[in-house]
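Data block below; observations after.
Computation of the quantities below employed the complete heavy-atom set of this structure, encompassing side-chain atoms and omitting hydrogens, waters and symmetry-equivalent molecules. Both ligands and their constituent atoms are indexed starting at 1 by order of listing.
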Amino acid sequence: MEVKWYNKAVINNQLIMAKFVNLFKTKKFGKLKVKNRLVMPPMVRNYAEKDGRSNSRYLKHIESIAAGGVGTMILEASYISEEGKGFSNQLGIHKDSVIPGLKKLARTAHKYKTAIGIQLYHAGRETSSHITGMQTVAPSPIPDPTEQEMPHALTVGEIKKIIGKYGAAALRAKKAGLDFVEIHGAHGYLITQFLSPFSNKRTDEYGGSDENRFKFLQEVYYAVRRAVGPDFPVLVRLSGDEFVPEGLKIKDTIKISKKLETLGADGLHISAGNYASYNQGIMIPPMAMPEGPLVELAAAVKKAVNIPVIAVAKIHNPKLAELLVKTGQADFVGIGRTLLADPEWPNKVKAGKLADINNCIACNQGCIGRLFAGQEVWCTVSPKTGREEMFAKKARARKRVAVIGAGPGGLTAAIVAAGRGHKVALYEKTKKLGGQLIPAARSPYRAGWEILRQRLITDLNKTKVTVHTGTIINAGTLKKSKFDVIILASGSFAIKPHIPGIEKGNIVISRDLFENKVQAVGDIVIIGGGCLGLQTAEFLAVKNHKVTLVEMSPNLAVEMPGDEKYLLLQRLTNMHVSILTETEVLSIEPRAVVVQQGEITKKIQADTIVACLGSKPNNELGTTLKQSAKKIMVVGDAVAPRRVTDAVAEGALAALKI
Ligand SMILES: Cc1cc2nc3c(=O)[nH]c(=O)nc-3n(C[C@H](O)[C@H](O)[C@H](O)COP(=O)(O)O)c2cc1C
Ligand code: SF4
């Protein structure tokens, strides 16, 4: 499915020397006046208590965002009923015991003159019995394509009960002092399941025609409106396009939007997609997607209605945000991951301090990648996110700290430790700072890793850390300096292959290719179809090499997020990269690799063979340095090779322990 997006040149040409005046104009949702056009869209953090109550961690996190100047915050999708819960530690709004926690959130936001509302959510079939402890429910007995559990088809009586729960939840929001509610009618959850012919196959009054499929949302809207009264703003979030066959298209969303306006909705929030189309990268656009891929959907709705419209999704560039409001394509701009990466984004934009922004790099590793893996949300570029309480605690005494290795984990450890007042020395054996971020950024569509590297270097330069590049550490060097703590962030080694005939081929390690230590020539065979293998295939295919990738297992890059993999495989297909799974490399011959696929043995021409077999921890120094400091902590790939988000988090956590 093709989506349109904003061209960087357009953004830049139209907004040279932009002052962002439009972004900081006031505007109303119904009777609620908000201070600017920036909205924190709902984002489940998985920080809440198991029973859905907020807690001090949640409060501190939300306070940091409110303090950063955003005008409106929409608290995460909060389940209105137990069977509609989607994540283990999501906020709930299903019972009165959540009200005191929500009250604190409301009071805190109001301290900063930030409007705060909550998203009313029921997952329907887009959850699992592992989360809810019961069978999922849906309009029709059709399993969600990703969750793959058979849902119970709701009876009319059960539908009415759920509608009542939306009303009760909305009343709780009002009682808690929140300023508005947003009904979650997007992303394939229960309301979309009713709205969409993709998931609604009912033949009663809740299925069939457009009107019948709209009936559930209409009744939910009425229940919510009855509960909160005429003056309390009620917004609705919709998927502009579901990007699935038989799913809702923009023409349907426009019709639904008009009906909602007639009913009295106070604003519309236009996202896209559902779980089945998630991997297309439109709902939460990853690094490989351009900016603002959903803006056209919001603009189309905006044209059709007179109530405020929020545009969202990878509007990370303040110039694009300003352009959308200035040109009337949207009234408000949702900036989700942007605020996870830098809660101060609004204040910095208002002050014109764009260079100070800690940019979200759309890696999707720390936030949605972890959430969909059942974990709490982190941010790769901001280890403080979700750890605001920990970061606020002062160090008890000033310590001498050595950090070994200046990859993302080591750099973060050094910056955080220095920020806590410790005397820090950073040792890096190469001449450059950044470790694996340097080769990672060399693949197409992965420039975000260079943005992170530059940010870490800038932050390091603001500290008093003494930096020793081109320095190889041994026990003697460190003993002399009498460090209290050593943080070992020495990364990993690439695994070398052992294949019969290896000496006959021109075999290189992918890491050396990315670091420009070796060059690939002619036709390429890549051994290993993990993340690195696929990225190496793209790196070489864009240079017009004929590339064949060989992977022993049936699956490719199991550790890669689904959206990133889907988009990358599409690009590899377009570049005619040949991918052979369930294929074993038998031997290497001069300019060829011999492989076996099922019963068939064949030779593939290989002027260069690239080994992408993963890596192993480089932590031998840990033993050597045992006597050099009172405490040694190992972080990042030196523990086990994993993602950047893990290295950054572990670097920060180690520094916070000192
Ligand atoms: C960690 C995470 C959790 C999310 N949870 C929700 C949610 O609770 N409700 C919702 O409607 N959208 C949710 N989204 C989607 C966001 O609201 C937003 O539409 C999306 O992140 C794209 O905007 P952005 O590029 O500004 O982040 C979530 C996104 C992320 C990254
Ligand atoms: S983890 Fe990555 S995508 Fe998510 S908010 Fe942070 S930088 Fe952005």
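The atoms of ligand 2 that sit less than 4.0 Å from any heavy atom of Cys367 are 1 (S), 3 (S), 4 (Fe), 5 (S). Of all atoms in ligand 2, listed by their number and element, those nearer than 4.0 Å to a heavy atom of Asn364 are 2 (Fe), 3 (S). Every atom of ligand 2 with a heavy atom of Arg337 under 4.0 Å away is listed here by number and element: 3 (S), 5 (S), 8 (Fe). Annotation for ligand 2: atoms under 4.0 Å from non-hydrogen atoms of Thr380 are 1 (S), 6 (Fe). Atoms of ligand 2 found under 4.0 Å from any heavy atom of Ala362 (numbered from 1 in listed order, with element): 3 (S), 8 (Fe).
Side-chain contact check for Lys25 and Asn36: no donor-acceptor pair (N or O, by modelled atom type) lies under 3.5 Å. Residues His187 and Ser271 have side chains that bring a donor and an acceptor to within less than 3.5 angstrom of each other. Looking at Thr136 and Glu147, their side chains never bring a donor and an acceptor atom within 3.5 Å of each other.
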Pairs under 3.5 Å, N/O atoms on ligand 1 and on the protein: can you put them in a table with the distances?
| from | atom 1 | to | atom 2 | distance (Å) |
| --- | --- | --- | --- | --- |
| ligand 1 | 5 (N) | Val44 | N | 3.0 |
| ligand 1 | 8 (O) | Val44 | N | 3.4 |
| ligand 1 | 8 (O) | Ala77 | N | 3.1 |
| ligand 1 | 9 (N) | Gln119 | OE1 | 2.7 |
| ligand 1 | 11 (O) | Gln119 | OE1 | 3.4 |
| ligand 1 | 11 (O) | Gln119 | NE2 | 3.0 |
| ligand 1 | 11 (O) | His184 | NE2 | 2.9 |
| ligand 1 | 11 (O) | Arg237 | NH1 | 2.6 |
| ligand 1 | 12 (N) | Pro42 | O | 3.4 |
| ligand 1 | 12 (N) | Arg237 | NH1 | 2.9 |
| ligand 1 | 14 (N) | Pro42 | O | 3.4 |
| ligand 1 | 17 (O) | Pro42 | O | 2.7 |
| ligand 1 | 17 (O) | Arg237 | NH1 | 3.0 |
| ligand 1 | 17 (O) | Arg237 | NH2 | 3.4 |
| ligand 1 | 19 (O) | Arg237 | NH2 | 2.9 |
| ligand 1 | 25 (O) | Lys314 | N | 2.7 |
| ligand 1 | 25 (O) | His316 | NE2 | 3.3 |
| ligand 1 | 25 (O) | Arg337 | NE | 3.3 |
| ligand 1 | 25 (O) | Arg337 | NH2 | 2.7 |
| ligand 1 | 26 (O) | Gly336 | N | 2.8 |
| ligand 1 | 27 (O) | Arg337 | N | 2.9 |
| ligand 1 | 27 (O) | Arg337 | NE | 2.9 |

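Val377 is not listed as a side-chain neighbour of Met43, based on a closest heavy-atom distance of 4.5 Å or more. Taking the side chain as every heavy atom from C-beta outward, Tyr189 and Tyr121 approach each other to under 4.5 Å.
Salt-bridge formation is not detected for the pair Arg446/Glu538: no Lys NZ or Arg NE/NH1/NH2 atom is positioned less than 4.0 Å from an Asp or Glu carboxylate oxygen. Contact check on Lys249 versus Asp252 returns no salt bridge, with no Lys/Arg side-chain nitrogen under 4.0 Å from an Asp/Glu carboxylate oxygen. Ion pair Arg642/Glu650 flagged as a salt bridge, since at least one NZ, NE, NH1 or NH2 atom sits closer than 4.0 Å to an Asp/Glu carboxylate oxygen.
Residue, atom and distance of the protein heavy atom nearest to atom 6 (Fe) of ligand 2 are Cys379 SG, 2.4 Å. Atom 8 (Fe) of ligand 2 has its closest protein heavy atom at Cys360 SG, 2.3 Å. Here the heavy atom of the protein found nearest to atom 7 (S) of ligand 2 is Ile361 N, 3.5 Å.
Of the possible polar contacts, one joining the Gln193 side chain to the Gly188 backbone as a donor-acceptor pair under 3.5 Å is found.
Under a cut-off of 6.0 angstrom, the local environment of NZ in Lys302 is crowded, with over 12 non-hydrogen atoms contributed by other residues, nucleotides or ligands.
Not one N/O/S atom of Cys363, from backbone or side chain, sits under 2.8 Å from atom 4 (Fe) of ligand 2.
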